[in-house]
Structures are given as C-alpha cells and as structure tokens.
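This report refers to the structure that appears directly beneath it.
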Amino acid sequence: MKVIIAKDYEEMSRKAASILAAQVALKPDSVLGLATGSSPIGLYKNLVRWHKEEGLDFSAISTVNLDEYVGLPKEHDQSYRYFMNDNLFAHVNIDPANVNFPDAMAEDVEKACEEYNAVLESFGGADLQLLGLGHNGHIGFNEPADDFCKKVHVTELTDSTIDANKRFFASREEVPTRAVTMGIGNIMKAKKIVVVVSGADKAAILKASICGPVTPAVPASILQFHPDVTFVVDEAAASEL
Ligand code: F6R
C-alpha cells in the first residue's frame, strides 16, 4: 500500500487525477471504476481540464460506477448518474455506450444487481478503481457489517451515511435509505485502486482503515490485502497517521 500525503484538497485532487490521467494515456481502452461524493470532484475537474487543454482522450474508455441510490431517476440532480454527467461525462469525449451503472430504478432491483454483477464480471475487474472513504469506513456503499459482501447488492444505508449525505438534499427525509453498490469482491478485483481522502473529519477512520485490523466493521480495511492500492490524502486527513 502507498500513501501519498498532499498539502490540501487541491493538491490531493491534482496528484490523484494524474494517476487516472496516466492510466487513460497509457491504456486508452481502460475500464475505470468511478466514485461520486465530494472527495473526487476536484480530481474530475483536473481530468476535464486536461481533456480540454491537452486532449486527454476518453473515446475508448469504459466506466463502471460504484453505486446508485435506489429510487432516484437518472434525471434527479442527486442521482449518481446525474453527478457523473455533471462532473465528468458531459465534459469529455466518453462514449455514452461505454458508461455503466446499476439500474437502481428497476422494478426487480435484485435482478438488476445480478445484471450489473455480470457486466462487472464481463470486464474481469476495473483496470483502475477510484474510491472515496465514508466516515464509518464504507467503500462504495459497503457499510460496516458482520461479513464482507462480495457481489453487487442492495444495501440499507446507515444513519451515519444518511446524515453525511443529507447536505445534498433539501431535508434528511429526502435522502434515499437504500442503494445498489458493488460488493467488496467486485472492488478488490480491480487491478489498481486509488482512494482519495480529505479533511480532519476523516482522520480517525483513515487511520483505522490503514493501520487497524482488517475487519468488516471497517470495510475499507480490506484494502490492506490489495496488491496495488494508493491512498492520496491531504494533511488534515493524515493528521492521525
Ligand atoms: C460514492 C461512494 C461513497 C463515497 C463516500 C465518501 O460513490 O461510493 O463511498 O466515496 O461516502 O463520500 P465523500 O467523498 O462525499 O466524503
């Protein structure tokens, strides 16, 4: 495991974006696993800038997103599909046919999980998976649990996750309580993993994830077993390491 400590959010975003840009440049038909949330927004801004100013080419890239809220249509401004369009896809030359999300609006959401799992397996794992870190140690929406859940599944969001995400909604009641997420097994199949973590409020969980025991009570701790994982964190997040 590598830990890169950047001065602040901007530097973290630039450093992490350069790992993704190198992946895109060196293997133009890469499968990128992508995350939403506040942590990767600056990273996506850099990728968009490098596409516009330097021609970073996404035309042969495929993407698989980590998760999606159950019950939010893709036009909803808090759906993760909307987030990805808004922050990346609409601003680069990615082929919409190569963008993959779980269908969290499906009537039979369990079947939609199986179908998304099959899509992920058809790629044999992402070339590079980008992750953020939840305050409770979640990656994707794999919440703390008794076991690591391997495949794509529906998850009940914990109170801590709903509280953390209510800032994006008009009220707490509007935050969906369920999501479809890649499982830990899907994430761990990625050839390379990059985790972006920012802010003093993530310092304790970053320490637990990197230095603590590997346990499903801290889902990100499983990353200690991955052969190629890089945490790119700012000084505030690194303050307890
Ligand atoms: C997002 C995701 C989540 C976030 C995590 C951190 O697709 O899967 O695991 O990465 O909740 O969110 P932020 O970056 O908003 O602190």
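Position 1 is the first residue of the sequence, and the numbers go up from there. Keep in mind that this is a model prediction, so the values were computed, not measured. Every number for a ligand or one of its atoms is a count from 1 in the order of the listing.
In this model, no donor atom of one side chain and acceptor atom of the other lie less than 3.5 Å apart for S62 and D29.
Using cut-offs of 30° and 60° for the angle between ring planes, the F169 and H76 rings count as tilted.
Among residues at least two apart or in separate chains, there is no salt bridge (charged side-chain N to carboxylate O under 4.0 Å, His left out) pair with a member in residues 231-240. Residue pairs meeting the salt bridge (charged side-chain N to carboxylate O under 4.0 Å, His left out) criterion with at least one partner in residues 97-120, sequence neighbours excluded, are K111-E115. Identified under the salt bridge (charged side-chain N to carboxylate O under 4.0 Å, His left out) test for residues 172-192, with sequence neighbours left out: E121-K189, D127-K191, D159-R172, D163-R172, K192-D228.
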Point to revise | Stepwise side-chain hydrogen bond (donor to acceptor under 3.5 Å, both in side chains) check, N100 with N65 | key: CA-CA 6 Å; N100 297 280; N65 258 82; over 6 Å; no
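A distance limit of 4.0 angstrom between heavy atoms and ligand 1 selects the residues A35, T36, G37, S38, S39, L66, D67, G132, L133, G134, H138, G140, R167, K202.
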